Amino acid sequence: MALIFEDRTRILRRCLFDVHNEVGVGYPEEAYHRAFVACCRKRGIPISSKQGGQLHHRGKLTHTFQYDVLAWDEILLEIKSLPGGFAQENYFQTISYLKFWKKSLGLLVNFGQERVKVERVPFAEKPFVVSEDYEYIQPVLTKEIRPLLRAVRAGILEVGRRHGLGYGEAVYGKLLGVEWLYRGLAGRGELYSPVRFETDELGKFPVDAMLVGEQVLCGVSALKDEIGPYELGKIQAYLRALEIPVGLGVNFGKRALQIRGVRPPKR
């Protein structure tokens, strides 16, 4: 089966290799970006560089994007200079850009090592599928928490319906914050949790989650296959330390929006 845009990808790769050979190693990302743009223009490859876009939700500017290079209005290139190689967030960033600009192929490029590394990152919109499980939290759902939990859930589903899957967790966190505010729910991030060992208080540390209505803690992830033990365990630790009764693990995943009820661990 032929790869999409195979011929044009080959042309771009040749240009990337020539830039690496000409410029060498050890320079910052911007140097390679400028060299690649110059190479493309000298060779007649139609490109646009560093164009921005804005994502809105409920009439509010929620997130801004800026790609490095778009070739033939088809192939997005993200250019890096990373001595340690690609990290997972580099792939997630590229996928988010492909989704936002409605493109099907990205090239993730690293000039930061002895040889230039080029990774193909394909993207296709997935059908919106929802997977939910609240069985674990049924025993702790009080009459006061149930209406709040329903409203929190409705906001999560609305963000999923409007924007689908494919963005990174930072984008979904912002979208959820706007949606919950629209619904009159007080949501806040930048939380700090006390950490204790036996009777010793060791200080307060950042919490990777959002608190809604002061009673529901939401841990948001994206582009993962599943909500795994680490994500669930993290929310449980926060719930125990902050003395919050109920949490939700939310994953705008690769194939489905997943919502899992979480409660503090039994002591």
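When reading the values below, keep in mind they use all heavy atoms of this one structure, side chains included, and skip hydrogens, waters and symmetry mates. This is a predicted model, so every value here is computed, not measured.
- Taking the ring centre of Y167 as origin, the terminal cationic atom of K99 falls inside the region bounded by 6.0 Å and 45° from the ring axis.
- In this structure, H33 has no ring-ring contact (aromatic ring centres under 6.0 Å, His included) partners at least two apart in sequence or on a different chain.
- Residues A222 and F92 come closest through the heavy atom pair O-CE1, 4.0 Å.
- Scanning all heavy atoms of the two residues, the minimum distance from S221 to N251 falls at OG-OD1, 3.2 Å.
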Exercise for the section: Could you go through the side-chain contact (heavy atoms from CB on, under 4.5 Å) check for L3 and T9 one step at a time? Expected result: CA-CA 9 Å; L3 298 172; T9 300; over 6 Å; no
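- Of all non-hydrogen atoms in F252 and V250, the two that sit nearest each other are CE1-CG1, 3.7 Å.
- The closest side-chain heavy-atom distance from P265 to R240 is below 4.5 Å.
- Between L185 and L148, the closest heavy-atom pair is CD2-CD1, 3.9 Å.
- To the nearest 0.5 Å, the span separating CD1 on I95 from NZ on K254 amounts to 7.5 Å.
- In this structure R13 satisfies the side chain to side chain donor-acceptor pair (under 3.5 Å) test with no other residue, sequence neighbours excluded.
- Summarising the hydrophobic clusters (Ile, Leu, Val, Met, Phe, Trp, Tyr; side-chain heavy atoms under 4.5 Å, direct or chained), the residues clustered with I244 are L191, V207, L211, L217, I227, L232, I235, Y238, L239, L242, V262.
- With ring centers used as reference points, Y97 lies 6.0 Å or more from Y67.
- With values rounded to the nearest 0.5 angstrom, N110 atom CG is found 9.5 Å from K117 atom NZ.
- No side-chain heavy atom of V178 sits under 4.5 Å from any side-chain heavy atom of K174.
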Could you list the donor-acceptor pairs under 3.5 angstrom formed between side-chain atoms of residues 84-91 and any protein atom two or more places apart in sequence or on another chain?
from	atom 1	to	atom 2	distance (Å)
N90	OD1	A87	N	2.8

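- A distance-only check finds no donor-acceptor pair linking the side chain of W180 to the backbone of G155 [under 3.5 Å].
- Comment: R161 engages E158 in a salt bridge, judged by a side-chain N to carboxylate O separation of less than 4.0 angstrom.
- Between the side chain of S96 and the backbone N or O of G168, at least one donor-acceptor pair lies under 3.5 Å.
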Result block: side-chain N/O donor-acceptor pairs under 3.5 angstrom for residues 137-146, not counting sequence neighbours:
from	atom 1	to	atom 2	distance (Å)
T142	OG1	E144	N	3.4
T142	OG1	E144	OE1	3.3
T142	OG1	I145	N	3.2

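- No donor-acceptor pair under 3.5 Å is formed between the side chain of R58 and the backbone N or O of L181.
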Exercise for the section: Any chance you could lay out the side chain to side chain donor-acceptor pair (under 3.5 Å) test for Q51 and Q66, step after step, and finish with the verdict? Expected result: CA-CA 5 Å; Q51 297 298 304; Q66 185 185 70; over 6 Å; no
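- Between P194 and E201, the closest side-chain pair of non-hydrogen atoms falls below 4.5 Å.
- When the salt bridge (charged side-chain N to carboxylate O under 4.0 Å, His left out) test is applied to D200, no partner is found at least two apart in sequence or on another chain.
- A salt bridge does not link E226 with K224: every distance from a Lys NZ or Arg NE/NH1/NH2 to an Asp or Glu carboxylate oxygen is 4.0 Å or more.
- A pairwise comparison of heavy atoms in I156 and L176 identifies CA-CD2, 3.7 Å as the closest pair.
- Residue F123 is not grouped with residue V118 when hydrophobic side chains (ILVMFWY) are merged at heavy-atom distances under 4.5 angstrom, including chains of intermediate members.
- A salt bridge is defined here as a Lys NZ or Arg NE, NH1 or NH2 lying under 4.0 Å from an Asp or Glu carboxylate O, and R153 with E132 meets this definition.
- Atoms CZ and CZ, from R162 and F128 in turn, are 12.5 Å apart once rounded to the nearest 0.5 Å.
- Between H20 and F111, the ring planes are parallel. Angles under 30° get that label, and only those over 60° would be called perpendicular.
- Here I259 contributes atom CD1 and L149 contributes atom CG; the two are 9.0 Å apart, rounded to the nearest 0.5 Å.
- Contact of the H63 side chain with the H57 side chain is not registered, since no non-hydrogen atoms from C-beta on lie closer than 4.5 Å.
- Connection of L223 to L175 is established within a shared hydrophobic cluster, with ILVMFWY side chains joined at heavy-atom distances below 4.5 Å, either directly or through further cluster members.
- Residues V121 and L105 fail the side-chain proximity criterion, which asks for heavy atoms closer than 4.5 Å.
- Cluster annotation: L16 and L70 are assigned to distinct hydrophobic clusters (Ile/Leu/Val/Met/Phe/Trp/Tyr, side-chain heavy-atom contacts under 4.5 Å, transitive).
- Listed by first and then second residue, the disulfide bond (SG atoms under 2.5 Å apart) pairs involving residues 22-102 are C15-C39 (not counting sequence neighbours).
- To the nearest 0.5 Å, atom OG of residue S104 and atom CD1 of residue I4 are 4.0 Å apart.
- By the salt bridge (charged side-chain N to carboxylate O under 4.0 Å, His left out) test, R188 pairs with E214, sequence neighbours left out.
- Side chains of L257 and V129 form no contact here, defined as non-hydrogen atoms less than 4.5 Å apart.
- Taking all atoms of both residues into account, the shortest heavy-atom contact from H56 to T62 is C-OG1, 4.0 Å.
- Put simply, the side chain of I47 does not reach to within 4.5 Å of the side chain of W72, judged on heavy atoms.
- With hydrophobic clusters built from ILVMFWY side chains whose heavy atoms lie under 4.5 angstrom apart, L107 shares a cluster with V23.
- For D73, the salt bridge (charged side-chain N to carboxylate O under 4.0 Å, His left out) partners at least two apart in sequence or on another chain are K103.
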Please list, one pair per line, the donor and acceptor atoms closer than 3.5 Å that link side chains of residues 74-82 to other protein atoms, with sequence neighbours excluded.
from	atom 1	to	atom 2	distance (Å)
E74	OE1	R8	NH1	2.8
E78	OE2	D68	N	3.0
K80	NZ	Q93	OE1	2.8
S81	OG	Y27	O	2.8

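- Y136 belongs to no hydrophobic cluster with other residues, because no ILVMFWY side-chain heavy atom falls under 4.5 Å from its own, directly or through intermediates.
- A distance of 11.0 Å separates CG in L98 from CZ in F65, rounded to the nearest 0.5 Å.
- In summary, K102 and E125 do not engage in a salt bridge, as defined by a charged side-chain N under 4.0 Å from a carboxylate O.
- Listed by first and then second residue, the disulfide bond (SG atoms under 2.5 Å apart) pairs involving residues 118-170 amount to none (not counting sequence neighbours).
- Sparse packing is recorded around CZ of R255, with 12 or fewer heavy atoms of other residues, nucleotides or ligands lying under 6.0 Å away.
- Y172 and L61 fall into different hydrophobic clusters, where Ile, Leu, Val, Met, Phe, Trp and Tyr side chains are chained together by heavy-atom contacts under 4.5 Å.
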Handout entry: side-chain contact (heavy atoms from CB on, under 4.5 Å) between S48 and V69, intermediate numbers included
Key = CA-CA 6 Å; S48 57; V69 177; over 6 Å; no
